[in-house]
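As structure tokens, the structure follows; a few thoughts come after it.
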Amino acid sequence: MDDNSSLFIKNANTNPDLKEYLKDKRVAFVGPAPYLSGLGKGELIDSFDVVVRVQPEIWDASDFGSRTDIIQSCLNSS
């Protein structure tokens with residue numbers, strides 16, 4: 001949304017290379033979600049064109065997938 005007036009959009013630095021890389025791709029954004037444990041969604045997660053992880057740890061590939069194409073970090077020390 002180019003006309004968005006939110007503080008986040010105004011201060012975000014958009015990487016044109018990343019934007020092009022993600023264009024027209026199906027993206028799985030996987031976080032440390034305990035509710036996924038035991039659901040066997042790993043194969044579904046890995047089937048996406050790009051897998052983005054909020055944390056790089058993979059607790060169980062059958063539930064969380066085994067691929068990581070991008071690691072998203074807020075650079076939080078905790």
Side-chain angles (χ1 to χ4, degrees):
M1 297 177 14
D2 293 331
D3 62 349
N4 191 318
S5 61
S6 76
L7 183 61
F8 175 78
I9 295 296
K10 286 183 176 181
N11 290 299
N13 294 320
T14 304
N15 181 321
D17 294 330
L18 179 61
K19 184 176 180 180
E20 183 61 30
Y21 173 69
L22 295 175
K23 183 179 178 181
D24 299 323
K25 293 198 171 97
R26 295 178 322 120
V27 178
F29 196 80
V30 184
Y35 67 85
L36 288 175
S37 294
L39 295 181
K41 300 289 185 179
E43 191 173 318
L44 173 64
I45 290 168
D46 285 345
S47 74
F48 281 73
D49 300 318
V50 178
V51 177
V52 179
R53 294 198 183 270
V54 175
Q55 293 180 337
E57 297 82 19
I58 298 173
W59 297 311
D60 184 336
S62 66
D63 292 329
F64 294 89
S66 61
R67 287 185 39 227
T68 302
D69 299 303
I70 298 173
I71 297 173
Q72 184 275 325
S73 174
C74 64
L75 302 176
N76 186 337
S77 62
S78 64

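Since the model is a prediction, treat every value here as computed from it, not as a measurement.
Between the OG atom in S62 and the NZ atom in K41 there is a gap of 12.5 Å [rounded to 0.5 Å]. Taking CG from D60 and CG from D63, the interatomic distance works out to 4.5 Å, rounded to the nearest 0.5 Å. Note that CG of L22 and CG of D17 are 11.0 Å apart. Values are rounded to the nearest 0.5 Å.
Counting heavy atoms from C-beta outward, W59 and P32 have side chains that approach closer than 4.5 Å.
For K25, the NZ atom is densely surrounded, since the number of other residues' heavy atoms within 6.0 Å is greater than 12.
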Before giving the answer on side-chain contact (heavy atoms from CB on, under 4.5 Å), spell out for R53 and F64 the whole-Å C-alpha distance, their side-chain angles and the decisive distance to 0.1 Å.
-> CA-CA 10 Å; R53 294 198 183 270; F64 294 89; 4.2 Å; yes

Going through the checks in order, is the side-chain contact (heavy atoms from CB on, under 4.5 Å) test met by I70 and V27?
-> CA-CA 10 Å; I70 298 173; V27 178; over 6 Å; no

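In this structure, I71 and T68 approach most closely via the heavy-atom pair CG1-CG2, 3.6 Å. Closest approach of D69 and D49 over heavy atoms only: OD2-O, 3.9 Å.
D46 contributes a side-chain N or O that, together with a main-chain N or O of S66, makes up a donor-acceptor pair within less than 3.5 Å. With hydrogens and angles disregarded, no donor-acceptor distance shorter than 3.5 Å links the side chain of R67 to the backbone of I45.
V52 and Y21 fall within a single hydrophobic cluster, where Ile, Leu, Val, Met, Phe, Trp and Tyr are joined by side-chain heavy atoms under 4.5 Å apart, directly or via other members.
Applying the ring pair (Phe, Tyr, Trp, His ring centres under 6.0 Å) test to every pair with at least one member in residues 23-54, sequence neighbours left out, gives no pairs at all.
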